[in-house]
Amino acid sequence: MSAAVLLCALSQSVIACSAPVDQAAASAVNQGASAVGTGVLSLDLLAKERAGTPVVETGLEDMAEELDTVRKEFLDNVPATTDERALHREVDAALERAQGALSLARQTLASKDTSAGPDNPPSLANARAALAASAKELETLRQRLGTGR
Amino acid sequence: MNRPRNTPTSLKSPPSVGGPVLDAQLHLLDRQVIDVDGLPVTTVDDIELEGVEADLPISLGARAPVISALLTGPVLGTRIFGGRPPSSRLIRLPWHDVSAVDVTVRLGVRSESLSASWVERWVRDKIIRRIPGGKHDPD
Amino acid sequence: MILTDVLGSRVLNSEGDLLGRVADARFVLDQPPGQLLAGARLQGLIVSPHSAGSFMGYERNDVTRPWPIAQILKWWHRGSFLVLWEDIEIMGPETVRLREGFTAYHPGLQGAGPGQAPQR
Amino acid sequence: MKRLLGVALGILTAIGGFVDIGDLVTNAVVGSRFGLSLIWVVGVGVVGICLFANMSGRVAAVSGRATFEVIRERLGPRAGLANLGASFFINLMTVTAEIGGIALALQLVTSIHHLLWIPVGAFAVWLVIWRVRFKIMENVAGLLGLCLVVFGVALFLLQPDWGQLAGQAMAPAVPQTESAAVYWFYAIALFGAAMTPYEVFFFSSGAVEEGWKVKDLVQSRINVLAGFPLGGLLSVAIAGCAAVVLLPAGIEVTSLSQIVLPVAEAGGKLALALALIGILAATFGAALETTLSSGYTLAQFFGWSWGKFRRPVRAARFHLSMIICLVVAIGVLATGADPILITEYSVVFSAVALPLTYLPILIVANDPQYMGKHVNSRAVNLAANVYLVIILVASLAAIPLLIITGAGA
């Protein structure tokens, strides 16, 4: 097992070290778009009553974890030039908005479960809209940057 | 690596013999040993020869050595990694307990009585027997 | 002594020339029976000029499949021969020395070996 | 009539038992990133596993020797031990992945975090191995695994553009968003997932467990030749669902929760429930098979007594070693290691180890000393030789591609 972990760490560090900022940005945007897209699809399925809460909840949790990792890894890249710094800021902001949208969706779902705060329930529609906006933003970025592969 | 250059070129047919022929590597070593009840006991990790001493000259006309026992246990480790276990640590399956050799080596005795199965017995008595259900057939 | 000590030993003729390495030991079940099976007498050693490991014995039987693995291994062990116990002067973990004027025999086994597949 | 039922049952369990966490994850990942353009690999893998599973089953039925006894006898202790080390390591990795898969599936059903399910899943696996008869264990897991057919149904309900899917499958090409190295990396992963060595260890040991004789060979051949390709179709359906729903949405599969989304989209909650049952059964069944395979390989190498047909006290070290494997798997998963990542590595390492398993089987299947008149036919040998070349290439290319592509990232 340790050999596998070592190899994984090795290959990952090779990527992290060798990847220039624009490639890292493309890869982070690609993964972020995938995570947010999953969130949109999950909420749609929940709204259409095609999937139960456990599946959607787990899916959102998985995606939130993934986004956290993606953003953390992206932040390990240090931009050198002005252009790179701008791109870095742009992508990081988009990832942060994606994180926000996902956590809003998770809160909504959780509050629906416990029916806490009936006065002002954050609605699923709001959460979906936030996720969809983030998905659109990341998709535009992805069009511009490619998948980084 | 110095290649042998004195390999004999013409080979004679071997003399006929009065019994089945076994090549140790091909037919004995690493074969599964099964007891009289069909229970696997161990594998043949090595073979002990009686009637010949290592590196001592053999007198002309001396009787051929015979297999005194099949060996198992720590000898496997030394066979893989080198060295030799002390003679006292060899676990022997005496040849007179062997009843047949085909794709397995079969014994004519029960494994319960063999020193080769002490680890199995220890694990059984100290651990497996104490877990509920270990003594019964699966349902 | 222990058999695998001898396997892999260098085989020398009486003048000390290297002939190869011990690839296997051949036994004959023709001794007075112990209880259940005849005693196993050392008939001799199989010497391979090319490598110590007896790799599956293709040089000693007539199995030719799977092609080409059988052919490659047979070739690898070409030149193997059998020396009888009577021609062995000294046997040890490093070297095996043969007597003067030893005879080299065909290493071939008749048939597939002692055990046929048991019909279960 | 009874015989016909037996055949039908055998085929059904072979279908349900074919898919495990490795097939599930790898096929979904590939479908979501490459569409059906890698599906030809599943075909290559299925033919290979049919060939060699059949061969190992025949060796076991005719000679009574299971695969790892044969490996030790043929390769000797040194190469045999190296082989045992590699096979056992990969097998343990697969056990870990399957138990992680059980836990992830249970999380999808209950919302309770999968870390909490890991000890429960591992304990259930042990209990079944400890107490349930081999035949029942195999049949129940296999039949429940058939629920995965819902992936095939979902694919139809999604009403995809069949022409486009067929085009991807028939004229494979590297998608523009992916590099050639990543494409071939996933080709090897799919191949490794379809041909995992544990299936052969399990299949041959299972033949001994069930006491197969020469006359049972016909039925086993039917089971394999019908069951495995149909199981392979399930794999294709999983990839197809991902290709139809996830690929256009730009979703790349990284978790089990994403794999079931297309089924929900197509068939709603009922289909989703069936898919979850199927995944649970498939991972649970595979966890049983891989845990047993760990015990089989160790016991067969060292000559210990083994087998579920014996009561545990008659195969003490065999049972103890499986308990230890399960504890190790729990330990690894408790560190928070991602089961999906472990799965992806396990299928690639499986591909690396393939020649170690399949070469000795081929050699013994040709040895009249073991096989009598049931040695391989020329046609089987020809096909096996072709596969050995493929296996060797995949094995040699796996690690370099793993490093170049950063595990396909």
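Within every chain, numbering begins at 1; the chains are lettered A, B, ... in the order of the sequence lines, protein sequences first and strands thereafter.
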Inset, instruction - Look only at the side chain of B:Asp37 and the backbone of B:Leu39, and say whether a donor-acceptor pair between them is shorter than 3.5 Å. - result: no
Legend entry - Structural part of B:Asp45 lying under 4.5 Å from a heavy atom of chain D: both
Legend entry - chain D interface, residue from B:Val44, B:Val123, B:Thr72 that has the most non-hydrogen pairs under 4.5 Å: B:Val123
Inset, instruction - Count the heavy-atom pairs under 4.5 Å between each of B:His136, B:Arg121, B:Arg129 and chain D, then report the option with the highest count. - result: B:His136
Inset, instruction - Assert yes or no for the condition that the ring centre distance of D:Phe123 to D:Trp130 is strictly below 6.0 Å. - result: no
Inset, instruction - For each of D:Glu73, D:Arg78, D:Lys308, D:Arg310, tally heavy-atom pairs with chain B at distances under 4.5 Å, and name the one with the top tally. - result: D:Glu73
Inset, instruction - State the CZ-CD distance between B:Arg63 and B:Glu50, to the nearest 0.5 angstrom. - result: 10.0 Å
Inset, instruction - Taking the six-membered ring for Trp and the single ring otherwise, decide whether the centroids of D:Phe68 and D:Tyr296 are under 6.0 Å apart. - result: no
Inset, instruction - Measure across B:Leu70 and B:Val98 and return the closest heavy-atom pair with its distance rounded to 0.1 Å. - result: CD1-CG2, 3.9 Å
Inset, instruction - For residues D:Phe134 and D:Phe202, establish whether the separation of their ring centroids is below 6.0 Å. - result: yes
Legend entry - D:Asn376 and D:Arg58 side chains, donor-acceptor separation under 3.5 Å: yes
Inset, instruction - Tell me the residues of residues 312-323 of chain D whose non-hydrogen atoms fall below 4.5 Å from those of chain B, in number order. - result: D:Pro312, D:Val313, D:Arg314, D:Ala315, D:Ala316, D:Arg317, D:His319, D:Leu320, D:Ile323
Inset, instruction - Could you name each residue pair satisfying side-chain hydrogen bond (donor to acceptor under 3.5 Å, both in side chains) that touches residues 132-145 of chain D, not counting sequence neighbours? - result: D:Lys135-D:Glu210
Legend entry - Interchain contact, B:Ile34 with chain D, by part (heavy-atom threshold 4.5 Å): side chain
Legend entry - Between B:Glu120, B:Gln32, B:Arg79, the one whose heavy-atom pairs under 4.5 Å with chain D are most numerous: B:Glu120
Inset, instruction - Give me the ring orientation class for D:Trp304 and D:Phe302: parallel if the planes are under 30° apart, tilted from 30 to 60°, perpendicular past 60°. - result: parallel
